[in-house]
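What follows is one structure encoded as structure tokens, with my remarks underneath.
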Amino acid sequence: MTANAPAFPTDLPTFVRRSTAEWQAADASHFLHPFTDHRALAAKGVRVITRGDGVYVWDTDGRRIFDAMAGLWCVNVGYGQEALVQAATHQMRTLPYYNAFFQTTTPPATALAERLAALAPAPFRHVFFSCSGSEANDTVVRLVRRYWDLLGQPDRKVIISRRNAYHGSTMAAASLGGMAAMHAQGGLPIPDIVHIDQPHFWAHRDGAAKGLSRDEFGLVAARWLEDKIAEIGPGRIAAFIGEPVQGAGGVVVPPPTYWPEIQRICDRHGILLVSDEVVCGFGRTGRWWGCETFGTRPDLMTFAKGVTSGYVPLGGVMVAERVANALIERGGEFEHGYTYSGHPVACAVALANLDLIEQQDLIRRVREDTGPYVAEQLAKLADHPMVAEVQSCGLMAAIQLCRDASRKAIAPGIALGMACRKHCFENGLVMRAVGDRMIVAPPLILTREQVDEMVGLIQQALDLTEAEAFPE
Ligand code: PMP
């Protein structure tokens with residue numbers, strides 16, 4: 001042993017037991033968390049999650065927490081699925097990595113491409129793999145512009161997206177996204193990405209939606225796309241991108257008239273339709289793909305999260321024939337790819353995950369059982385004085401908190417969403433706040449009993465929020 005060799009035996013696990021306070025100190029010293037006010041977090045101390053099982057996770061203090069966000073909309077099959085562990089272990093032993101660049105593949109990558117093509121609607125027969133949703137959406141920007149170049153229409157560069165959309169955090173994906181706070185940092189969006197408003201009935205209740213039914217508003221909101229196309233010129237538009245249900249923007253379930261009208265407008269102008277299925281894909285809305293729930297026929301679909309249930313990172317773009325044929329037949333080399341495109345361990349885990357979704361009949365359960373049951377149970381909260389509206393689609397739901405529901409003065413300095421989120425955590429529930437809109441997207445394996453437990457915890461959090469925000 002040399003003088004500067006590590007002072008601990010190498011057979012010790014690298015994961016060392018420490019108290020919550022010790023983890024918090026180490027974390028504050030070294031870990032810059034995503035989407036975090038670092039100074040505020042350091043002052044408060046990070047929450048340390050150590051294990052998970054089913055729909056629950058546990059923290060370093062041994063507290064059990066109901067994870068109604070499935071991690072970050074991704075742990076669709078729940079925690080502790082041994083089949084996924086086995087798939088990863090087996091693939092790591094056999095071949096932990098090989099690339100897909102130099103006219104090479106690995107069995108899991110090609111098998112997953114074949115499997116995804118079989119699961120996707122008919123025109124999709126090809127997939128381009130990435131490691132995340134952001135990279136998938138970056139790929140879309142490259143791909144749609146390449147497509148129009150190949151078709152001899154290089155002026156078609158502009159991609160239209162929506163305000164408050166979330167498509168990821170890389171430069172291109174954050175540009176596609178419509179989050180003002182993200183655009184304000186780093187000079188975004190990049191050129192030729194523009195935004196229209198979102199089909200958010202409640203947010204537009206005093207404006208564009210005033211006096212309209214949901215269906216009427218859906219048509220109005222879709223026609224914002226037509227207005228934007230007219231403003232820019234149809235010959236300059238490459239694609240429109242949208243999440244079937246906007247997730248991080250607040251689980252905004254569009255009126256039923258919205259997507260068919262968007263489809264009509266895209267068809268009319270020959271514009272590519274991109275469905276961001278990163279949240280909605282793999283059963284979240286009760287179908288394999290969110291576009292199937294809303295009846296659109298996209299040309300590209302991006303995915304990540306649920307494809308592996310978050311056990312390992314993987315993403316990609318499903319490419320329909322129209323685009324794939326241009327790429328393959330007219331293409332030459334597409335100058336784009338990632339070291340981990342088609343990572344064999346991630347693809348092996350994805351295959352095991354898809355098996356599990358099928359074996360447990362999760363998608364039908366969401367569509368016919370747990371999804372409708374969540375809607376029914378959450379509807380009971382609509383009478384709560386803190387609630388302005390409840391919306392859900394499959395296993396994603398939003399509860400819009402109301403500022404004046406209790407008709408009392410709100411306590412000074414209270415942000416309703418943040419207050420509610422705090423009460424959730426304190427009572428063992430993870431629910432996310434988007435402004436004053438509380439959102440849930442639990443693992444797809446949850447049972448009816450667990451729906452009852454989740455709704456009970458939400459009710460408790462609403463009561464506590466009301467007591468704090470509207471004291472007597
Ligand atoms: N698209 C959507 C709809 C998302 O919700 C997200 C992440 N929440 C992304 C893309 C980005 O995915 P990732 O964080 O894996 O890059």
Side-chain angles (χ1 to χ4, degrees), residues 33-36 67-76 128-143 159 161-179 181-183 188-189 193 195 198-200 239-254 259 273-285 289-291 293-294 296 298 300-318 338 340-341 343 346 349-350 353 393-398 430 432-434 437 439-443:
H33 288 254
F35 285 97
T36 294
D67 183 10
M69 278 308 296
L72 209 45
W73 325 81
C74 52
V75 189
N76 286 2
F128 190 100
F129 287 118
S130 66
C131 312
S132 68
S134 301
E135 288 178 356
N137 285 319
D138 270 45
T139 299
V140 157
V141 175
R142 306 280 313 272
L143 206 51
I159 304 176
S161 178
R162 298 177 298 178
R163 292 193 193 98
N164 270 329
Y166 188 81
H167 296 298
S169 196
T170 51
M171 293 292 276
S175 299
L176 287 175
M179 299 288 179
M182 291 175 76
H183 289 179
L188 301 179
I193 294 178
H195 300 82
Q198 54 188 149
H200 196 327
F240 175 74
I241 184 169
E243 306 150 75
V245 176
Q246 277 183 294
V251 183
V252 179
V253 184
W259 276 114
L273 177 58
V274 186
S275 189
D276 182 334
E277 299 277 349
V278 169
V279 162
C280 292
F282 303 99
R284 175 68 51 203
T285 70
W289 310 93
C291 63
T293 298
F294 291 94
T296 52
L300 297 158
M301 300 194 292
T302 50
F303 63 88
K305 299 187 188 278
V307 67
T308 55
S309 285
Y311 277 54
V312 286
L314 180 68
V317 187
M318 299 301 303
Y338 308 104
Y340 301 128
S341 287
H343 193 290
V349 171
N353 178 57
C393 176
L395 283 186
M396 58 201 300
V430 178
R432 187 162 158 185
V434 177
R437 202 168 169 89
I439 58 180
V440 289

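All ligand and atom numbering here is 1-based and tracks the order in the structure. Hydrogens, waters and symmetry mates play no part in the numbers below; they use all other heavy atoms, side chains included.
- Contact annotation: the side chain of Val251 approaches that of Trp73 to within less than 4.5 Å [non-hydrogen atoms, C-beta and beyond].
- Side-chain contact check for Tyr338 versus Asp138: some heavy-atom pair is nearer than 4.5 Å.
- Qualifying side-chain hydrogen bond (donor to acceptor under 3.5 Å, both in side chains) partners for Gln246, counting only residues two or more places apart in sequence or in other chains: Gln198.
- Residues lining ligand 1 at a heavy-atom distance below 4.0 Å are given as Ser132, Gly133, Ser134, Asn137, Tyr166, His167, Gly168, Glu243, Asp276, Val278, Val279, Lys305, ordered by chain and residue number.
- We find the CE-OG1 distance between Met318 and Thr302 to be 11.5 Å, quoted to the nearest 0.5 Å.
- The SG atom of Cys291 lies 9.5 Å from the CH2 atom of Trp259; values are rounded to the nearest 0.5 Å.
- Under the 3.5 Å distance criterion, the side-chain polar atoms of Arg284 are matched with a main-chain donor or acceptor of Leu395.
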